[in-house]
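Reading through the structure tokens given below for one structure.
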Amino acid sequence: MRLATWNVNSIRARVGRIVDFAQREGIDVLAMQEIKCTPAQFPFAAFEEAGYHVEAHGLNQWNGVAIASREPLEDVELAFPDMPGFAKGHEGPDQPQEARAMGATVGGVRVWSLYVPNGRGLGDPHYVYKLDWLGALAQYTRDALARTPDLALALTGDFNIAPTDEDNGDPTIVPGLSTHVSEPERDAFRALEAAGLADVVRPLVPTGFTYWDYKQLRFPRNQGLRIDFILGSRAFADAVTGAAIHRDERKGDAPSDHVPVVVDLDTAAPDEDDDVPMIFG
DNA sequence: ATGTCGCGAAGATCGCGA
């Protein structure tokens with residue numbers, strides 16, 4: 001199975017380019033973020049004509065996530081447990097959840113398409129929201145893997161965190177002053193790893209960014225960020241056979257500011273009669 | 001020049017979010 005994640009920055013503005021990519025690259029499951037529309041506005045037909053089922057979740061022109069899949073999506077969820085909400089100017093409990101998460105099961109894998117809150121600024125309520133949101137995501141991960149240790153779980157999406165200094169090539173993003181690179185955000189990312197997940201792309205694609213701001217010639221200067229990830233549980237990571245970051249998708253007409261991140265999985269069912277036993281670790 | 005995008009609402013530009 002070939003699984004991809006892509007912050008598309010509006011599905012309607014570039015649906016042709018996205019479906020073309022999925023078909024050309026043989027993507028079986030495509031987790032999308034920032035679709036920027038409601039399901040009523042989503043261009044389902046373009047995906048269906050290309051052989052994909054799609055589940056979309058969007059409340060307005062902001063955020064929004066979706067998953068397209070060649071096989072039907074099962075057990076779709078539109079939030080993880082205790083996912084915090086946010087409403088500007090209305091800090092406190094009981095804020096409405098945004099359209100930032102979708103979980104679905106396909107090919108034996110529990111896949112999440114996640115659009116982690118940006119944070120906006122180190123002193124901003126949105127930054128507190130970001131850290132709370134990531135904390136609840138880590139708790140979900142711990143609970144899910146405690147309940148089912150051999151679960152093939154994949155958290156994919158735009159995490160809005162550059163986990164190491166090597167993941168930040170944007171000179172305007174400064175440790176100590178900027179979101180995406182602060183220690184609390186990096187701690188929150190490491191907490192996901194401590195919960196039982198691993199970045200399954202970095203071992204196969206050690207360097208390279210996944211996002212370049214539209215402004216200031218960031219892409220021609222290659223001043224980007226690595227902020228889009230596929231984090232997998234042990235059972236998921238053990239099935240990974242390849243990975244790619246499709247930098248070329250930042251080129252050409254009307255690109256998203258993010259590019260797709262792809263992994264290949266060997267999802268052949270274990271065979272009890274196989275002469276060669278499966279060996280882990 | 002916070003210099004680019006995308007969206008919606010207003011109304012042929014602006015505010016918001018990133």
Side-chain angles (χ1 to χ4, degrees), chain A residues 5-19 21 31-44 46 56-66 84-91 95-101 113-134 156-163 167-174 177-182 185 188-189 209-229 247-261:
Chain A
T5 185
W6 196 357
N7 179 324
V8 297
N9 186 23
S10 169
I11 187 64
R12 288 175 291 173
R14 52 187 61 84
V15 59
R17 157 166 209 156
I18 292 160
V19 172
F21 170 81
M32 291 170 273
Q33 301 86 39
E34 277 210 273
I35 64 171
K36 288 187 165 176
C37 68
T38 65
Q41 299 168 308
F42 192 97
F44 289 104
H57 176 39
L59 300 171
N60 49 43
Q61 70 269 45
W62 307 121
N63 314 308
V65 288
F86 184 80
K88 191 174 181 178
H90 298 277
E91 282 83 63
Q95 298 180 78
Q97 289 178 334
E98 300 180 301
R100 293 182 176 275
S113 179
L114 301 169
Y115 180 40
V116 176
N118 174 285
R120 296 181 183 165
L122 295 182
D124 197 292
H126 209 258
Y127 179 77
V128 177
Y129 168 49
K130 180 179 193 173
L131 296 176
D132 288 347
W133 201 94
L134 288 161
T156 85
D158 176 0
F159 286 77
N160 270 317
I161 299 168
D167 302 319
N168 175 24
D170 185 326
T172 65
I173 302 217
V174 182
L177 298 177
S178 309
T179 62
H180 295 62
V181 294
S182 73
E185 290 166 282
F189 189 88
F209 304 129
T210 64
Y211 158 88
W212 298 259
D213 199 312
Y214 289 122
K215 294 178 285 194
Q216 308 273 148
L217 299 173
R218 289 290 175 241
F219 183 63
R221 292 172 172 160
N222 195 29
Q223 295 174 329
L225 299 172
R226 183 158 170 149
I227 56 177
D228 300 272
F229 298 99
R247 186 180 194 282
D248 284 355
E249 283 302 317
R250 187 63 176 76
K251 302 176 181 176
D253 289 336
S256 171
D257 43 1
H258 297 251
V259 295
V261 178

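A quick note: this is a predicted structure, and the numbers were derived from the prediction, not measured.
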**OP:** Hunt down any stem DNA chain B takes part in, defined as 3 or more consecutive Watson-Crick or G-U pairs whose two distances are each under 3.5 Å.
**Re:**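 Stem segments, range with range: B:4-9 with B:13-18.
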**OP:** Walk along DNA chain B from 5' to 3' and tell me the first and last nucleotide with an atom closer than 4.0 Å to a non-hydrogen atom of chain A.
**Re:**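 Listed 5' to 3', the contact boundaries are dT2(B) to dA18(B).
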Counting any heavy atom closer than 4.0 Å, what does [X] reach on the DNA or RNA strands: base, sugar-phosphate only, or nothing?
| X | result |
| --- | --- |
| Y115(A) | sugar-phosphate |
| R250(A) | nothing |
| R120(A) | sugar-phosphate |
| E98(A) | nothing |

Any residue meeting side-chain hydrogen bond (donor to acceptor under 3.5 Å, both in side chains) with [X], in chain and number order, not counting sequence neighbours:
| X | value |
| --- | --- |
| D167(A) | T164(A), R202(A) |
| W133(A) | none |
| S182(A) | Y127(A), E185(A) |
| R17(A) | E249(A) |

**OP:** Taking side chain to side chain contact (heavy atoms under 4.5 Å, CB included) as the test, write out the residues that go with S178(A), two or more places apart.
**Re:**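 Checked S178(A) against side chain to side chain contact (heavy atoms under 4.5 Å, CB included); matches are I173(A), V174(A), V181(A).
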Original post:
How far does the P atom of dT13(B) sit from the matching atom of dA1(B), given to the nearest Å?
Top reply: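 Per the computed distance, 24 Å lies between those P atoms.
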Subject >> Rounded distance in Å between the C1' positions of dA10(B) and dC16(B) >> reply: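 That atom pair is separated by 14 Å.
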Original post:
When the nearest nucleotide of DNA chain B is assigned to C37(A) and to Q216(A) on a heavy-atom basis, which residue is associated with the more 5' position?
Top reply: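 Looking at the nearest nucleotide for each, Q216(A) comes out on the 5' side.
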Subject >> 5'-most by nearest nucleotide on DNA chain B - P255(A) or R100(A) >> reply: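 Upstream on the strand: P255(A).
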Original post:
Does some side-chain heavy atom of L134(A) sit less than 4.5 Å from a side-chain heavy atom of V116(A)?
Top reply: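 Result yes, sub-4.5 Å side-chain heavy-atom pair found.
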**OP:** Check ring-ring contact (aromatic ring centres under 6.0 Å, His included) between F42(A) and all other residues, then give those that pass, not counting sequence neighbours.
**Re:**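 Scan of F42(A) (ring-ring contact (aromatic ring centres under 6.0 Å, His included), adjacent residues dropped) gives F44(A), F47(A).
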Original post:
Got a sec, which residues hit ring-ring contact (aromatic ring centres under 6.0 Å, His included) with H126(A), two or more places apart in sequence or on another chain?
Top reply: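 Here the qualifying residues are F86(A), Y129(A).
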**OP:** Taking atom types as modelled, find out whether D228(A) and T210(A) have a side-chain donor-acceptor pair closer than 3.5 angstrom.
**Re:**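 Yes.
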